[in-house]
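The block underneath contains the structure these notes are about, expressed in structure tokens.
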Amino acid sequence: MKSMITLVAALSGSVLLSACGSSSNTAPVVPSTPAAAAVRTIVMVWDGMRPDAINQTDTPNLYALRQSGANFSDNHSTYPTFTMMNGSSFATGSFPKTSGFYGNTFWTPPQGSGNTIPAGAGANGAAQDYVDPVFTEDYQVLSTLNTYYGGQLLLVKSLFATAQSAGLVTATIGKSGAAYIQDLAQGGYFLDENTAAPYSLVTDLQTNGYALPTNVVHGYSGANTVTLSSTNGNPTGRAGYIQFNTAAYDPNGVITIPARDASDTTQGAPEDAANKYMMSVFTSYILPVKKPMLSLIWFRTPDNVEHGYGPGSANMKAGLHSQDQRLGELITALRANGLDSTTNIIVVSDHGHSSVSGPLSLYPLRNITASTTVPNGPLVNGSTSGTNTAAIGAVATSGGYSFSGDVRSADLLTFRGFKAFDGSKCATDSMYGLNAAGVPTVPVKIDTTGALCGTAGTKYQAISSTLATPVASFPVPAPGSLPTNGIVVAANGGSDYFYVPGHDATTVQNLVKFLQQREEYGAIFVDSRYGSIPGTLQMAQVNLENTTRQNNGQPDVVVSFNWDSTVSIQGYPGIEFESFGAGQHGMHGSFGVTDVHNTLIANGPSFVAGTISNPSGNVDVAPTVAYLLGLSMPQADGRILNEALVTPASKSAATVVPSVVTPTAAATGLRFELPTDPTGATADSALTVGSYTINLNVKDLTIDGKTYRYFDSAKAVRQ
């Protein structure tokens, strides 16, 4: 492959990792005759990689790969633009309407007369809670859910299962949950941040002197019990974000809560060592010894540092460098093993990324006063950790950082009389918002008696604590105890899921009206069982309805938080509100431009060089890779990206027609409420018409008599 040879020759600082030892272990599946046309293909997922972050300085290897390969300039993440949602799209080439999967966080309503819910442990060996919405970035959680759904967590056959059925050896490594969902049946080799599989791979790695993820001990028992060596260490350990304590959210300036130091330059990418370890195992052992024809490598970089510190931050750029070095190590290993000219590399991101912020007119950016000390925690795999002495400063005249954008839907709904639960207890969040005068949107308080939070002295922020019957904690009631017309909120980030187990139409209509009136929320999508609700689109119109999951995991209402792609923070455009959480400076999951449009680059013997202007999507990756392996995925929603292939399945030309989809009728008679007043008492005097609708921007690509729809963005329009 000329382009890859050129790239490898240009690499600087790449480390050549040779094979270590050998093994007689056979592949986990009984091989049959593979397709003769199969071309070895490696999919490398750069979690949260924005296309506009690729450059010669921060990502020289990826930049060179793009320059000499196929660059898909109009690629689309699956909405909602979350990691696990797109993990299922990579796995199946499908949208939720076909796959039936709704990660990152979703709720499984109790089933049957026994109110049955899933049961099992997490990757750390502790019991996992399934009463509340569950976070799916955990291989044990996915395994439990797959068992609960009778082996049908994904309702269609995956790319990896398809390859294994053809006798091809496969391997997946990387981020917990995201790598595992590619191969739920575990028919190939697997290594993530928590475990390795099959058991024979565990023993092979130990025999050949490799360390193992420390949580691997929780995945095996009996005759297969795993004992770590005394020198194993914690190769996938990573530090928490650098933070500081601030009293800015206490009107009296006394009570402190933690805040992320988005200006920190000390930490770098805290997952750097973990990613390097996993790539080393792949390049020096799995690749040369197991010889997979299909591999997927998924690291949590740069997403992890984007969340903690925001796009454009110093640590985000360190994450770009880290991930680019891993790509360089992969290419060097392919060359060392004589595989560079016969292997395709596809680099793709699950989604883009945005900065968390409310409108700057309401919440101006602020300076961060630099810390006078280094973080007080120990080094964790080479990265700093702990708390420093930084502080929230004055309103920034240029540059600056956001301390706004977080929204707790369960709290807002409870204050307005709904019976809402999000599965979380009392908590604080430094991204709730400070206005220009420094007044917090939701002030911090202390539960001195424990009556609200269960433990005396607990800090909390909740407007519902001011009700006649105060509430500051919102765990989901035990199975069978949910109040009539209760609402369960799965808080995901750039979008929230709302479950109405009673399926009461009036409750849904009232919920929708509330969301339309609160300016933190954007486009709203509703299950078609509730008919046409003014101002909304049906979930089916964005591929979110699945009849099998309609009462067993599929939300009733999905809402994207409001976003603005014209506002920049730290040099990167795109801001959005997000679910209340841990004070993130970066987020994704919305239907905004900078979340939806993501990276897709392909390089290798199967691909032509140049920019591909036709729209493409993450659902197209699996059917395209299947074709490169001489296979097919007839159930996939995506298409083969023929326009980028040296030998396409079809040479037909595509036509592309953009359009805007809107609701059949706008919602009217509304009173819009400013984010700065979560009680709803303050109306937005600039929006007096009182109408709400949605502009869903789409592109329809038609080829060989079939039309594929790509979603560019969905924006709420208030007047």
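Starting from 1, each residue takes its place in the sequence as its number.
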Practice item. Tell me yes or no: between the side chains of T707 and T702, is some donor less than 3.5 Å from an acceptor? Key: yes
Practice item. Please work out which of the three classes, parallel, tilted or perpendicular, describes the rings of F711 and F591, given edges at 30° and 60°. Key: perpendicular
**Study point:** Sub-4.5 Å side-chain heavy-atom contact between F95 and V619
**Key:** yes
Review point. With no hydrogens and no angle check, is any side-chain donor or acceptor of S495 less than 3.5 Å from a backbone partner on G589?
Key: yes
**Study point:** Donor + acceptor pair across side chains of R66, N61 (<3.5 Å)
**Key:** no
Review point. T81 side chain to S590 main-chain N or O, any donor-acceptor pair under 3.5 Å?
Key: yes
Review point. Would you say the side-chain atoms of S94 and S99 include a donor-acceptor pair closer than 3.5 Å?
Key: no
Check your understanding: Just by modelled atom types, is the I42 backbone N or O under 3.5 Å from a matching donor or acceptor in the S295 side chain?
Key -> no
Exercise for review: Grab the two heavy atoms, one from L145 and one from T136, that are nearest each other, plus how far apart they are.
Suggested key: CD1-CG2, 4.1 Å
**Study point:** Qualifying salt bridge (Lys or Arg N to Asp or Glu O under 4.0 Å) pairs, either residue in residues 92-111, two or more places apart
**Key:** none
Point to revise | D527-Q550 side chain donor-acceptor pair, cut-off 3.5 Å | key: yes
Review point. Is the closest side-chain heavy-atom distance between T536 and I533 below 4.5 Å?
Key: yes
Exercise for review: Only counting residues at least two apart or in another chain, list the ones meeting salt bridge (charged side-chain N to carboxylate O under 4.0 Å, His left out) with R549.
Suggested key: none
Practice item. Say whether T98 and D637, considering side chains only, have a donor N or O and an acceptor N or O under 3.5 Å apart. Key: yes
**Study point:** With Y530, the side-chain contact (heavy atoms from CB on, under 4.5 Å) member among V557, V508, V512
**Key:** V508
Practice item. Consider only side-chain N and O atoms of N546 and Q554, and report whether a donor and an acceptor are under 3.5 Å apart. Key: no
Check your understanding: With a 3.5 Å cut-off and no angle check, do the side chains of D183 and T172 form a donor-acceptor pair?
Key -> no
Practice item. Take I694 and K715, measure what side chain to side chain contact (heavy atoms under 4.5 Å, CB included) needs, and give me the verdict at the end. Key: CA-CA 6 Å; I694 298 169; K715 185 72 171 175; over 6 Å; no
Exercise for review: Kindly determine whether S652 and D704 satisfy side-chain hydrogen bond (donor to acceptor under 3.5 Å, both in side chains), including the steps that lead there.
Suggested key: CA-CA 7 Å; S652 300; D704 293 327; 2.5 Å; yes
Check your understanding: If you look at every heavy atom in A161 and S158, which pair is closest and at what distance?
Key -> N-OG, 3.0 Å
**Study point:** Expected output: side-chain E545 to main-chain A540 donor-acceptor under 3.5 Å
**Key:** yes
Point to revise | Pairwise side-chain contact, T144 with Y130, heavy-atom cut-off 4.5 Å (strictly under) | key: yes
Review point. Does the R40 side chain pair with the main chain of T342, one donor and one acceptor, at a distance under 3.5 Å?
Key: no
Exercise for review: Could you note down all residue pairs passing salt bridge (Lys or Arg N to Asp or Glu O under 4.0 Å) where residues 158-172 supplies at least one of them, sequence neighbours left out?
Suggested key: none
Practice item. Classify the side-chain pair D138/S176 by whether it contains a donor and acceptor separated by less than 3.5 Å. Key: no
Check your understanding: Do R50 and D52 meet the salt-bridge criterion of a basic N to acidic O distance under 4.0 Å?
Key -> yes
Exercise for review: Using distance alone, with no hydrogens and no angle criterion, decide if N618 and D350 have a side-chain donor and acceptor under 3.5 Å apart.
Suggested key: no
Check your understanding: Going by the angle between their ring planes, with limits at 30° and 60°, are F101 and F106 parallel, tilted or perpendicular?
Key -> perpendicular
Practice item. Indicate whether any N or O donor in one side chain lies under 3.5 Å from an N or O acceptor in the other, for S68 and N603. Key: yes
Study note, to complete from the structure: Those residues at least two apart in sequence (or on a different chain) that pass salt bridge (charged side-chain N to carboxylate O under 4.0 Å, His left out) with E137 are K175
Check your understanding: Is the backbone N or O of A649 less than 3.5 Å from a side-chain atom of Y627, with the two atoms forming a donor-acceptor pair by type?
Key -> yes
Exercise for review: Evaluate the side chain to side chain contact (heavy atoms under 4.5 Å, CB included) criterion for residues E271 and F299: first the C-alpha distance (whole Å), next the side-chain angles of each, then the deciding distance (0.1 Å), finally the verdict.
Suggested key: CA-CA 9 Å; E271 66 280 4; F299 294 146; over 6 Å; no
Exercise for review: Indicate whether the side chain of D620 and that of Y710 have a donor and an acceptor atom separated by less than 3.5 Å.
Suggested key: yes
Check your understanding: Any chance the side chains of N104 and T83 put a donor and an acceptor closer than 3.5 Å?
Key -> no
Practice item. Ignoring hydrogens and angles, tell me if any N or O in the side chain of Y139 forms a donor-acceptor pair with the backbone of L184 under 3.5 Å. Key: no
Exercise for review: Return yes if a side-chain donor-acceptor contact under 3.5 Å exists between E329 and T283, otherwise no.
Suggested key: no
Check your understanding: Do V348 and W46 come close enough that some side-chain heavy atom pair is under 4.5 Å?
Key -> no
Exercise for review: Would you sort out whether S354 and T594 count as a side-chain hydrogen bond (donor to acceptor under 3.5 Å, both in side chains), showing the intermediate values?
Suggested key: CA-CA 6 Å; S354 303; T594 51; 2.7 Å; yes
Exercise for review: State, without any angle test, whether N697 and S713 hold a side-chain donor-acceptor pair at a distance under 3.5 Å.
Suggested key: yes
**Study point:** Step-by-step side chain to side chain contact (heavy atoms under 4.5 Å, CB included) determination, Y79 to F525
**Key:** CA-CA 11 Å; Y79 177 76; F525 306 94; 4.1 Å; yes
**Study point:** Under 3.5 Å: donor-acceptor pair, side chain of S88, backbone of M85
**Key:** yes
**Study point:** Residues E193, R300: salt bridge by 4.0 Å N-O rule
**Key:** yes
**Study point:** Side chains of T301 and N275, donor plus acceptor under 3.5 Å
**Key:** yes
Review point. Hey, what's the ring geometry for H351 with H353, parallel, tilted or perpendicular (30° and 60° as the breaks)?
Key: tilted
Practice item. Hey, could you give me the OG/CZ distance between S616 and R639, rounded to the nearest 0.5 Å? Key: 7.0 Å
**Study point:** K699: partners by salt bridge (charged side-chain N to carboxylate O under 4.0 Å, His left out), with sequence neighbours left out
**Key:** D74, D712
Check your understanding: In Å, rounded to the nearest 0.5 Å, how long is the span from CG of N75 to CG of L600?
Key -> 4.5 Å
Review point. Excluding sequence neighbours, so at least two apart, what forms side chain to side chain contact (heavy atoms under 4.5 Å, CB included) with S606?
Key: V39, N344, L628
Check your understanding: Are Q111 and T116 linked by a side-chain donor-acceptor pair shorter than 3.5 Å?
Key -> no
Review point. Between S579 and D496, do the side chains contain an N or O donor and an N or O acceptor separated by less than 3.5 Å?
Key: yes
**Study point:** Residue pair D556 / H503, side-chain donor-acceptor N/O under 3.5 Å
**Key:** yes
Check your understanding: Would you say Q541's side chain and Q538's backbone share a donor-acceptor pair under 3.5 angstrom?
Key -> yes
**Study point:** W298 and F90 aromatic centres sub-6.0 Å
**Key:** yes
Check your understanding: Between K291 (side chain) and P288 (backbone), is there a donor-acceptor pair under 3.5 Å?
Key -> yes
